[in-house]
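Computed from heavy atoms alone, side chains included, the values below leave out hydrogens, waters and symmetry copies. By convention in this document, chain letters (A, B, ...) are assigned in the order of the sequence lines, proteins followed by strands, and residues within each chain are numbered from 1.
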2 protein chains.
Amino acid sequence: MATDTKTSKAEDPAADLALEDFLPYRLNRLADLVSRSFSRIYRERHGMTRPEWRVLASLGQFGRATASDIVTHSSQHKTKVSRAVAALEKRGWLKRESDENDRRVEHLELTRAGRGIYAELAPFARSYEAAVFAEMGDADWQALERGLSRLEDCLIKRP
Amino acid sequence: MATDTKTSKAEDPAADLALEDFLPYRLNRLADLVSRSFSRIYRERHGMTRPEWRVLASLGQFGRATASDIVTHSSQHKTKVSRAVAALEKRGWLKRESDENDRRVEHLELTRAGRGIYAELAPFARSYEAAVFAEMGDADWQALERGLSRLEDCLIKRP
DNA sequence: AATTTTTTGTTGAAATTGCAACTGTTGAAT
DNA sequence: ATTCAACAGTTGCAATTTCAACAAAAAATT
């Protein structure tokens, strides 16, 4: 890596931008690292994709929800949700029920098998977080929580 | 082991897992939000992709580097870097120079035009961060910095 | 020196994604 | 009541990403 050969900051006035310190890059990189490490669990055990995991987790959490609910709650594009729902249904982990009053809407629910998978995976999710927490230590974890929460608030208001 | 065999509601079995509080989900979501908002700048102004932006930023920062250097520095798969480099070269923003001693290696550098684009974009990157900082406030920003840094340290050790 | 292994970087093909267009349904406005 | 807009969800298609295989060159092994 070139340090200060011929291209110095004097010559290149735009260069106090270090990619490794840039917030969007850091967040993307961390999200990637964390995902890669956690997604192994549901991918290797059940060949699940991330969209599928999120739908499963949403339904595990809520019990019953529409695709739109899941779009909102899981922050995924509706096509992702649509395809993930179809995939989970195909495996018999999810069932649909048409709404009586509004025939556009389908209520989604995990089947018994689906709940089984969720019950299997959820503890891994918690223990994954517990491991990170243990590794980081309480103070740094709380700093992270605080920073992320505040950033979430800020970004929702001005996207 | 299991508490009881009823398996009635979805809240029963494993469900104090709230997706919205789960670290991998939060990081991915924030990374997405932040990226979406910042990437508009290079996407709309120059039709650039994120891999291309990262290569440009790496070269803007280092002046001269090999593709491998950029893979490491920008945390991107080598195929992404390879294609991003080809795209930037095609637009005349980047030039390659073969290494004399090792003919596998190519040293990459921005052209004058490429440096121009970088000089145009880098201030946006900084002002984007400044805006987030201003919105969050100093204390929360520092908490975020601390949390992210610590998490980076932890995740590199245990992937 | 000849072989094997590693490294650098590229490419083809399959899988994933995102956008826009679409169907079918409900609600609102005229 | 009829038209028009809005909404829930799906699908086709193009762009992107990923994976594995590849070529070429250098390093390591024999």
Side-chain angles (χ1 to χ4, degrees), chain A residues 1 28-29 31-33 35-37 39-40 42-44 46-55 58-59 62 64-90 94-109 159, chain B residues 28-29 31-33 35-37 39-40 42-44 46-55 58-59 64-91 94-109:
Chain A
M1 265 155 272
N28 269 291
R29 178 162 173 274
D32 250 35
L33 283 170
S35 270
R36 274 198 152 64
S37 105
S39 70
R40 268 212 300 268
Y42 53 74
R43 194 156 31 81
E44 286 178 1
H46 299 290
M48 264 168 105
T49 64
R50 194 174 65 190
E52 284 160 34
W53 155 249
R54 283 196 189 173
V55 169
S58 295
L59 287 176
F62 287 143
R64 189 179 165 86
T66 68
S68 292
D69 293 338
I70 295 176
V71 164
T72 304
H73 181 248
S74 71
S75 296
Q76 299 184 113
H77 196 270
K78 58 181 180 173
T79 58
K80 266 189 190 169
V81 171
S82 174
R83 282 160 176 149
V85 165
L88 293 177
E89 186 188 28
K90 196 169 184 178
L94 174 152
K95 65 189 166 207
R96 311 161 110 117
E97 281 167 32
S98 309
D99 186 289
E100 301 274 310
N101 307 330
D102 187 339
R103 270 185 293 180
R104 292 170 300 184
V105 177
E106 288 182 312
H107 297 280
L108 308 172
E109 227 175 309
Chain B
N28 269 292
R29 178 163 174 272
D32 248 37
L33 283 170
S35 270
R36 275 199 151 62
S37 105
S39 69
R40 268 212 299 269
Y42 54 73
R43 187 186 317 276
E44 286 178 2
H46 299 292
M48 266 169 102
T49 65
R50 193 174 64 190
E52 284 161 34
W53 155 249
R54 284 196 188 174
V55 169
S58 294
L59 287 175
R64 189 180 164 86
T66 68
S68 291
D69 293 337
I70 295 176
V71 164
T72 305
H73 181 249
S74 70
S75 297
Q76 299 184 112
H77 197 267
K78 58 182 180 172
T79 58
K80 267 189 190 171
V81 171
S82 174
R83 281 162 173 145
V85 165
L88 293 177
E89 187 188 27
K90 196 169 185 178
R91 288 192 239 195
L94 174 153
K95 65 190 169 206
R96 312 161 109 117
E97 281 168 32
S98 309
D99 186 289
E100 299 275 310
N101 307 331
D102 186 340
R103 272 185 289 185
R104 291 171 302 184
V105 176
E106 287 182 313
H107 297 280
L108 308 172
E109 228 175 309

Chemist: Measure NZ/K80(A) against P/dA15(C) and give the value in whole Å, please.
Modeler: 18 Å
Chemist: When the distance from CD of E106(B) to C1' of dT10(C) is rounded to whole Å, what number comes out?
Modeler: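 About 10 Å, once rounded to whole Å.
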Chemist: Given atom CG of D69(B) and atom P of dT8(C), what is their separation to the nearest angstrom?
Modeler: 9 Å
Chemist: Checking side-chain contact (heavy atoms from CB on, under 4.5 Å) for the pair L94(A)/V55(A): CA distance, chi angles, key distance, verdict?
Modeler: CA-CA 10 Å; L94(A) 174 152; V55(A) 169; 4.2 Å; yes
Chemist: How many angstroms lie between NZ in K78(A) and CD1 in I70(A), if you round to the nearest 0.5 Å?
Modeler: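 Reported value, rounded in 0.5 Å steps: 15.0 Å.
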Chemist: Atom CD of Q76(B) to atom P of dT16(D): distance rounded to whole Å?
Modeler: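 It is 14 Å, rounded to the nearest whole Å.
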Chemist: How long is the span from the CZ atom in R43(B) to the CD atom in E52(B), to the nearest 0.5 Å?
Modeler: 10.0 Å
Chemist: Rounded to whole angstroms, how far apart are CD on E97(A) and P on dA8(D)?
Modeler: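 Checked: the CD to P distance equals 19 Å.
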Chemist: Got a second to check how far R64(B)'s CZ is from E97(B)'s CD, nearest 0.5 Å?
Modeler: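 The CD atom of E97(B) is 4.5 Å from CZ of R64(B), to the nearest 0.5 Å.
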Chemist: Starting from P on dA27(D), measure out to CG on D99(B) and report it in whole angstrom.
Modeler: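 Interatomic distance, CG of D99(B) to P of dA27(D): 10 Å.
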Chemist: To the nearest 0.5 Å, what is the distance between NE2 on H73(A) and CG on L59(A)?
Modeler: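 Going from the NE2 atom of H73(A) to the CG atom of L59(A) covers 10.0 Å.
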Chemist: On DNA chain D, compare the nucleotides closest to P51(B) and T66(A); which residue's is nearer the 5' end?
Modeler: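 In this pair, the answer is T66(A).
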Chemist: Measuring from R104(A):CZ to T66(A):OG1, what's the distance to the nearest 0.5 Å?
Modeler: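 Those atoms lie 11.0 Å apart.
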Chemist: Please report the distance, rounded to the nearest Å, between CZ in R54(B) and P in dT16(D).
Modeler: 16 Å
Chemist: Rounded to the nearest 0.5 Å, how far does CZ of R54(B) lie from CZ of R50(B)?
Modeler: 5.0 Å
Chemist: Calculate the interatomic distance between I70(A) atom CD1 and dT10(D) atom P; express it in whole Å.
Modeler: 11 Å
Chemist: Are S82(B) and dG9(C) close enough that a side-chain N or O sits under 4.0 Å from OP1 or OP2?
Modeler: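 So the side-chain polar atoms of S82(B) never come under 4.0 Å of the phosphate oxygens OP1 or OP2 of dG9(C).
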Chemist: Show the distances under 3.5 angstrom between N or O atoms of the protein and N or O atoms of nucleotides 19-26 of chain D.
Modeler:
from    : atom 1 : to      : atom 2 : distance (Å)
dA26(D) : OP1    : N101(B) : O      : 3.3
dA26(D) : OP1    : R103(B) : N      : 3.0

Chemist: If you only use heavy atoms from C-beta on, which nucleotide in dT16(D), dT10(C), dG9(D) is closest to the side chain of A67(A)?
Modeler: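 From the listed options, dG9(D) comes nearest.
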